[in-house]
Amino acid sequence: MELEQSSNSDEDPAPFFPWDLLPFDLQGSILSLLPVSTLARCQSVSRSWRSTIRSPAFLSSFRRNPDDLYLIPFTDNVSPAAYHPSRDRWLTLGLPPSFVFAIASDGGLLLALDDHSRLAVFDLFSGATLARLPDMASVLQPYVVALIDEFPSAHYKIVAVSTGDRVYSQVFDSRSGRWEIKGQFPGQFAVLGNAVFLDGLLFVLSEGPDHLLTFDPVGGDWNLVDMAMPPVVCSHILDSEDRLFLVGGVEDVGCIARVGIWELDLPKKEWRLICFMPDGFFRIFGGRRLEHFWTVARMGIVCFYNTRDTTVLMFDLPARRWWWPLPCPAIPRRRRFWFGHAIEPRMDLLKGSNGR
């Protein structure tokens with residue numbers, strides 16, 4: 001097939017530079033701009049590309065890419081609906097046959113109960129069951145507050161707590177394959193809520209009373225961040241660009257009148273208001289009366305979900321951009337149930353094995 005020549009004969013053709021002549025670190029820098037899902041396909045381009053992508057130096061320096069992110073606000077109890085923010089499109093994910101109920105997620109991992117009421121770790125992208133966990137130590141009915149994917153390695157930790165007269169904690173490490181009792185905190189809380197792993201510490205929201213706690217999953221040390229919390233409901237913490245944020249609803253006469261976002265200023269021990277959901281978006285999102293909403297977020301991309309009418313609203317925190325996602329064609333509103341997790345492909349896709 002003969003190629004069509006350019007109509008502008010005065011222009012010289014673009015210079016060609018062989019990829020293999022580029023310095024190795026420059027090759028890695030270029031490829032690191034691509035998401036994992038694209039890099040997995042790039043490995044088939046040549047041996048040189050595959051060698052670069054699978055090299056320990058490249059894998060250890062690779063950073064998570066927002067183009068890999070999928071937010072899963074709801075499911076029909078058969079196939080979760082995953083939203084891809086960078087492409088504004090929906091897809092459905094098949095659940096492993098033994099999957100029953102999702103508990104926690106991080107990276108590409110999902111912790112859930114299986115059909116034998118045991119905790120199991122799943123990879124939703126491959127559909128594989130990576131591990132079935134041994135029973136936790138029976139300390140006042142423990143429950144999981146966080147799954148920590150130790151990206152870019154294949155290992156992970158799981159933190160579980162018991163709340164009563166004090167907080168008791170235990171940590172599962174995939175390296176050892178067992179639970180270990182680690183630390184306790186002399187505080188009484190009704191429940192510990194969502195958690196974010198940031199700078200080696202797990203930040204955890206408590207309810208009844210509302211506080212922000214930190215936990216070191218290695219040393220087992222708990223601490224209370226001594227500061228006032230914003231008076232909000234439906235609170236949720238998230239991280240973006242190595243900073244911690246809080247989402248919450250401000251009530252007025254028994255219903256939520258505004259939805260705000262605050263940033264933690266740890267040196268000053270205060271929450272600084274960043275913004276409120278714009279009035280135009282809030283009127284549509286809240287409908288006639290907003291009493292409760294859920295939030296799922298990762299890498300600064302926030303998904304708001306109205307539990308009454310299943311309306312979904314998106315927010316890009318770094319860019320301060322609000323938008324309505326395209327309607328999800330796979331699951332009608334009447335069949336939607338809250339799922340509330342975020343996932344992204346694991347580095348295992350680049351290693352050609354489970355990396356363990």
Side-chain angles (χ1 to χ4, degrees), residues 66 69-74 83 85 102 104-106 145-146 189-198 201-214 225 227-252 255-266 269-287 289-325 338-343:
L69 177 64
Y70 292 83
L71 299 170
I72 313 176
F74 53 81
Y83 178 68
S105 62
D106 192 26
V145 293
F189 305 100
V191 68
L192 298 190
N194 88 287
V196 169
F197 188 66
L198 184 63
L201 291 176
L202 189 68
F203 289 82
V204 187
L205 277 181
S206 72
E207 298 179 18
D210 296 346
H211 285 293
L212 182 66
L213 308 175
T214 63
V225 182
M227 64 181 184
M229 299 292 294
V232 297
V233 296
C234 306
S235 56
H236 185 95
I237 53 174
L238 60 117
D239 67 307
S240 175
E241 299 177 336
D242 298 325
R243 294 176 292 167
L244 193 69
F245 295 84
L246 171 73
V247 170
V250 180
E251 285 190 313
D252 184 22
C255 67
I256 298 174
R258 305 189 81 177
V259 175
I261 300 177
W262 291 259
E263 180 182 352
L264 174 64
D265 188 333
L266 196 54
K269 294 186 177 181
E270 65 180 19
W271 291 99
R272 180 170 56 89
L273 179 65
I274 297 297
C275 66
F276 284 107
M277 184 182 293
D279 291 342
F281 284 97
F282 181 80
R283 282 194 295 269
I284 299 174
F285 176 75
R289 182 183 177 90
L290 181 60
E291 296 180 345
H292 189 273
F293 67 91
W294 291 107
T295 306
V296 58
R298 182 78 58 82
M299 290 189 275
I301 306 299
V302 188
C303 176
F304 297 91
Y305 177 83
N306 184 327
T307 53
R308 183 175 58 83
D309 63 9
T310 73
T311 299
V312 176
L313 175 62
M314 302 299 304
F315 179 53
D316 184 330
L317 180 55
R320 302 292 195 270
R321 181 174 72 92
W322 300 83
W323 79 95
W324 299 108
W338 171 247
F339 194 82
H341 292 280
I343 58 173

Interatomic distance, [X] atom [atom1] to [Y] atom [atom2] [nearest 0.5 angstrom]:
X      : Y      : atom1 : atom2 : value
Cys234 : Ile256 : SG    : CD1   : 4.0 Å
Arg243 : Leu266 : CZ    : CG    : 13.5 Å
Met227 : His211 : CE    : NE2   : 10.5 Å
Met299 : Ser240 : CE    : OG    : 10.0 Å
Thr311 : Phe285 : OG1   : CZ    : 7.0 Å
Ile261 : Arg272 : CD1   : CZ    : 12.5 Å

Looking only at heavy atoms, what is the nearest atom pair of [X] and [Y], with distance?
X      : Y      : result
Gly300 : Pro318 : O-CD, 3.6 Å
Ala104 : Ala146 : CB-C, 4.4 Å
Val196 : Ile237 : CG2-O, 3.5 Å
Leu71  : Pro85  : CD1-CG, 4.2 Å
Thr307 : His292 : OG1-O, 3.1 Å
Val145 : Ala195 : O-CB, 3.8 Å

Taking the six-membered ring for Trp, are Trp322 and Phe315 ring centroids under 6.0 Å apart?
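Between Phe315 and Trp322, which both carry aromatic rings, the centre distance is below 6.0 Å.
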Is any side-chain heavy atom of [X] less than 4.5 Å from a side-chain heavy atom of [Y]?
X      : Y      : value
Ser206 : Val191 : no
Asp106 : Arg298 : yes
Val302 : Phe245 : no
Val296 : Tyr305 : no
Ile301 : Leu317 : no
Leu213 : Leu192 : yes
Val247 : Leu238 : yes
Cys255 : Leu290 : no

Pick from Phe74, Trp338, Phe304, Phe339: which one makes a ring pair (Phe, Tyr, Trp, His ring centres under 6.0 Å) with Trp294?
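It is Trp338; the other options fail the test.
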When you measure from the side chain of Asp316 to the backbone N and O of Ala319, does any donor-acceptor pair fall under 3.5 Å?
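Judged by distance alone, yes, a pair lies under 3.5 Å.
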Please check if the side chain of Asp252 supplies one atom and the backbone of Ala257 the other of a donor-acceptor pair under 3.5 Å.
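Not confirmed, Asp252 side chain does not pair with Ala257 backbone.
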Name the orientation class of the two ring planes belonging to Phe276 and Trp262 (parallel below 30°, tilted from 30 to 60°, perpendicular beyond 60°).
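Ring orientation, 0 to 90° scale: perpendicular.
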Mind checking whether Trp323 and Tyr83 have parallel, tilted or perpendicular rings, split at 30° and 60°?
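Ring orientation, 0 to 90° scale: tilted.
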For Thr214 and Leu202, run side-chain contact (heavy atoms from CB on, under 4.5 Å): C-alpha distance rounded to whole Å, both residues' side-chain angles, the deciding distance at 0.1 Å, then the answer.
CA-CA 5 Å; Thr214 63; Leu202 189 68; over 6 Å; no
Please assess Leu205 against Asp210 for the test side-chain contact (heavy atoms from CB on, under 4.5 Å), listing each intermediate value before the final yes or no.
CA-CA 7 Å; Leu205 277 181; Asp210 296 346; over 6 Å; no
What's the verdict on side-chain contact (heavy atoms from CB on, under 4.5 Å) for Leu212 and Phe203, showing C-alpha distance, side-chain angles and the deciding distance?
CA-CA 7 Å; Leu212 182 66; Phe203 289 82; 4.0 Å; yes
For Asp242 and Leu198, what are the C-alpha separation, side-chain angles and deciding distance, and is it a side-chain contact (heavy atoms from CB on, under 4.5 Å)?
CA-CA 7 Å; Asp242 298 325; Leu198 184 63; 4.3 Å; yes
Side-chain donor-acceptor pair under 3.5 Å between Thr295 and His236, yes or no?
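No, His236 and Thr295 have no side-chain donor paired with an acceptor closer than 3.5 Å.
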Can we say Arg308 and Glu291 salt-bridge, meaning some charged N sits less than 4.0 Å from an Asp/Glu carboxylate O?
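Looking at Arg308 and Glu291, the cut-off is not met.
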